[in-house]
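Accompanying notes for the structure given below.
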Amino acid sequence: MPLLEIKNLTVAFDTSVGLFKAVDGIDVSVDSREVLAIVGESGSGKSVAMLAVMGLLPGTATVTADKMEFEGIDLLKMTPQEKRQIIGRDIAMIFQEPVASLNPCFTVGFQLEEVLGKHLGMHGRAARDRAIELLKLVGIKDGAERLGAYPHQMSGGQCQRVMIAMAISCNPKLLIADEPTTALDVTIQKQILDLLVRLQAEHGMALIMITHDMGVVAETADRVIVQYKGKKMEEADVLTLFENPKSNYTRALLSALPENAVGDRLPTVSDFVFEAAPGV
Amino acid sequence: MSTVTNAPETHKPVSGVREFWHYFSQNRGAVIGLIVLLIMVLIALFAPVLAPHAPELQYRDALLKPPAWQEGGSWTYVLGTDPVGRDMLSRLMYGARFSLVIGVVVVVLALVGGVTLGLVAGYFRGWVDIVIMRVMDIILAFPSLLLALVLVAVLGPGLVNAMLAIAIVLQPHFARLVRAAVMAESSRDYVTSARLAGASHLRLMLVTILPNCVAPLIVQATLSFSSAILDAAALGFLGLGAQPPTPEWGTMLATAREFILRAPWVVTFPGLAILITVLAINLIGDGLRDALDPKLKRS
Amino acid sequence: MLKYILNRLLLVIPTLIGITICSFGFVRLIPGDPILALSGERGVTAERYATLVEKYGFDRPIWEQYFRYLGQVVRGDFGDSLATHRPVVEEFLKLFPATVELGIFALIFAIVIGVPAGIFAAVKRGTWLDQGLMGTALVGYSMPIFWWGLLMIIFFSGYLGWTPVSGRIGLQFFMKPVTGFMLVDSLLAGNFNAFVSALRHLILPTIVLGTIPLAVIARQTRSAMLEVMGEDYVRTARAKGLSGRRVIGLHALRNALIPVVTTIGLQVGVLMGGAILTETIFSWPGIGRWLVDSIYKRDYAVVQNGLLIVAVIVMIVNLFVDLLYAVINPRIRVQSS
């Protein structure tokens, strides 16, 4: 049984110009201890699908699916209260803008200990010690001091480490990382990716990596889903995808990588007309 | 301040009007406000035709007559009469003229004064800017009604002085707005290119920069329009604005005060007239702000 | 933080000087002879006139007159009232607690209703509840409060007979002013009936004076909440599995409060303006009515210096609010390392 299994997920937004389908009939499944990458350009609906799993979409969104199960439990039938028991504990998520994702009015320690209190019932001294331990785990050495810091006093990389510490604080079974390195400096990107991969292996979590960066995919993923305009174009394990892409969209994506450049002008993805690979 | 810096990008004069109307007309409150205001303007314009009686004519045999639907009322005086026997409805209709004229005059004065000062301060910078903006800060340091009150005390009571005082109190808002907009705009490329093309100071300020801060100015002008009416009525109520027997709504309230428990209608209707007018204008103001503010538009 | 405070304090100085210039210039702008205006005397002898010129320093150059005035003000000498011949400061201090008492109640009334109303409207955005609350707020914002006060009197005092029409306390009670706050004084005297009477007298003026700040605070709270609720950190809070109450009431509200507190602070100036009207309607013996009466009586010494004192108080409150803004905003309070 897969850890997370989604069948025929559709997310539609009610906009002033009519219904807009951000995700249109997508299947996603991820096993425990597996790293799945979802690739696509901005606007391809790759984040929306995962936000739907988390229940973080605004009220204007309509989520429908034939199946959306986590460990065999139907996420669609859950009440918000029941879902809040799972969200943040068994499924955790980190986001693209680490600085903006932390609350500027509360200290790092407060925000970290809040999760421990909510899901593990840890308070006071115990929570504090665990928070320092978690910060150490994500590579922040002076954790005891950092607990009293506000997000604006830290760099983007450090904020993302804090976000990761918060996400892994309850030993989640699934971590969803939504473009976790996009907003960071190139030098920091590598460190954060390494950290995520190491934690995934050490904790035995499943990891869903949402990205537009083929480099990130190559470095982290076991399996890849390529998404375009709300539809799945291709799904394959990472080696097959790079060596023998079936969908011409994937080919287009790959040919747009600078290292694959031929001639003096990089092709853009919009130069192609796309259809899903056969069998998807 | 986002309105100031964001407005220019989306405010394109020609297609802008249609786009603006599209957004404005979607706001139900704003449309209702606009209709009510138009009715007010029509009443004010045609008051001599519409009013059943002369506003200052005293019917000695009909003092404090209640409105038509109350016991003792008659359809001759639909909204009743005041303590000296003048027809309430007619006075209210003529009063609309005063309130609207007060609003327009005050806004024009405050707009011209504030825009000029703001343009000069923002364009020339340096000590001119410091002096002008310090003076604006000082004006804003006083509670506005209190300052208007004291100014009227200096100038002497009366409608003209009241309008002057309110305009002085309101203009710093325009000056601040325009200064901020000018400072944001004058560093942009199109201003530099106009300057390089040899445009004069005056041309730069009036033709190049000013049109780009029109949107927030319109919103501020609407807000000032309603507060001018409110403040003028308050001054009238305190006996320092329009003087009796002028049928100005605030002044009417002042003279009716002692009869509040005996004849509530002489108090109720003038205030209701003020409230409806101010509310209509504020509804329009909210609609304008939403329609002209691109930041809100996107959401 | 320290730099921020120093900056704010430095900005106050020119404004303070400007305010004194305004109140100094005020008497000299009144049409007619400023000496007669300030001394309140008509038909004085040449001799007396010369003494007055000497007293106010009108024979000196204008800048010397100003510094003379500034010197007096700094020493706390605000001259004497023309009507009562008592020091302006003394009269001010006697009446000020009444205004503060009313102002505090009005502000509390506005905050206690306005902030939750704004939060509710933001959470229920677009629903009839939101539209109803914001519609009501706009009516409150557009309210001519002098008329609103009269309506209240007609309905609650006249029609229902629930509340007294005017004053601070029933005529049968006499409270020795200890603190000047009627509620505190009556409790100090152990007179419970007097306390209740004072409270009943406060109800209508509080509602009337608090209406516009209430509307402004509700509108500001709603828009601040809406802005904050779209922020990434609110999504993070939801992603932690926190309850809606905690996400809205703690994570979102804490951030939304920063602009709301500024708005609340700015209402103090609005309250001073509103006090002029409210105190006049309810015969409330405070600063607002005192200033209006002084204008009626052409007591220019009171108007001149009352204006000065009120402006300085409002300025100090605004300064305090700016500091509070820094305190509740960690991005200013705690410098980046």
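Below, chain A is the first sequence line, B the second, and so on; all start at residue 1. Since this is a predicted model, take the numbers as computed values, not measurements.
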Closest approach of B:Ser226 to B:Leu223 (non-hydrogen atoms, all atoms of both residues):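 Of all heavy-atom pairs spanning B:Ser226 and B:Leu223, the closest is OG-O, 2.9 Å.
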
Minimum-distance pair of heavy atoms, taken over all atoms of B:Thr255 and B:Met252: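 Closest heavy-atom pair between B:Thr255 and B:Met252: OG1-O, 2.9 Å.
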
Just by distance, no angles: are the side chains of C:Thr99 and C:Glu279 close enough, under 3.5 Å, to form a donor-acceptor pair? yes

With no hydrogens and no angle check, do the side chains of C:Trp148 and C:Thr211 hold a donor and an acceptor under 3.5 Å apart?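 Short answer, yes.
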
Chain C contact via B:Arg262 - which portion, at a heavy-atom distance below 4.5 Å: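 No part of B:Arg262 comes within 4.5 Å of chain C.
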
Whatever's closer than 4.5 Å to a heavy atom in chain C on B:Asp286 counts as side chain

Considering only heavy atoms, which portion of [X] lies under 4.5 Å from any heavy atom of chain B: side chain, backbone, both, or neither?
X	value
C:Val314	side chain
C:Leu11	both
C:Leu16	neither
C:Ile295	side chain
C:Leu291	side chain

Angle between ring planes, C:Phe146 versus B:Phe237, binned at 30° and 60°: parallel, tilted or perpendicular? parallel

Aromatic ring pairing C:Phe92/C:Phe96, orientation class (parallel under 30°, perpendicular over 60°, tilted between): parallel

Best-contacting candidate, B:Gly29, B:Ala234, B:Ser227, against chain C by heavy atom pairs under 4.5 angstrom: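 The answer is B:Ala234.
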
Taken to the nearest 0.5 Å, the spacing of C:Leu204 CG from C:Leu151 CG works out to 11.5 Å

Walk me through whether B:Lys65 and B:Asp82 qualify under salt bridge (Lys or Arg N to Asp or Glu O under 4.0 Å). CA-CA 7 Å; B:Lys65 275 262 188 200; B:Asp82 71 0; over 6 Å; no

Check this for me, if you would: do C:Arg8 and C:Asp322 make a salt bridge, where the nitrogen-to-carboxylate-oxygen distance has to be below 4.0 angstrom?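 Looking at C:Asp322 together with C:Arg8, the answer is yes, because their closest N to O distance falls below 4.0 Å.
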
Salt bridge B:Arg176-B:Asp137, side-chain N to carboxylate O under 4.0 Å: yes

Are there more than 12 heavy atoms of other residues, nucleotides or ligands under 6.0 Å from atom CH2 of C:Trp128?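 12 or below, so no.
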
Partners passing ring-ring contact (aromatic ring centres under 6.0 Å, His included) against C:Phe155 (at least two apart in sequence or in another chain):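 C:Phe155 satisfies ring-ring contact (aromatic ring centres under 6.0 Å, His included) with C:Tyr159 only.
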
Full working for side-chain hydrogen bond (donor to acceptor under 3.5 Å, both in side chains) between C:Tyr66 and C:Thr20: CA-CA 9 Å; C:Tyr66 170 70; C:Thr20 55; 2.7 Å; yes

Under a 4.5 Å cutoff for heavy-atom pairs, which residue among [options] has the most contacts with chain B?
options	answer
C:Val303, C:Leu307, C:Val310	C:Leu307
C:Gly158, C:Pro144, C:Pro14	C:Pro144
C:Ile145, C:Val270, C:Ile281	C:Ile281
C:Met315, C:Met272, C:Arg219	C:Arg219

Check: residues 155-162 of chain B side-chain donor-acceptor pairs under 3.5 Å, at least two apart:
from: B:Asn161; atom 1: ND2; to: B:Leu155; atom 2: O; distance (Å): 3.0
from: B:Asn161; atom 1: ND2; to: B:Gly156; atom 2: O; distance (Å): 2.8

Within residues 264-283 of chain B, residues adjacent to chain C where the heavy-atom gap is under 4.5 Å: B:Pro264, B:Val267, B:Thr268, B:Gly271, B:Leu272, B:Ile274, B:Leu275, B:Val278, B:Leu279, B:Asn282, B:Leu283

Residues of residues 141-151 of chain B near chain C, each having a heavy atom less than 4.5 Å away: B:Ala141, B:Phe142, B:Pro143, B:Leu145, B:Leu146, B:Leu149, B:Val150

Working for side-chain hydrogen bond (donor to acceptor under 3.5 Å, both in side chains), residues C:Tyr300 and C:Asn305: CA-CA 8 Å; C:Tyr300 291 119; C:Asn305 293 305; over 6 Å; no

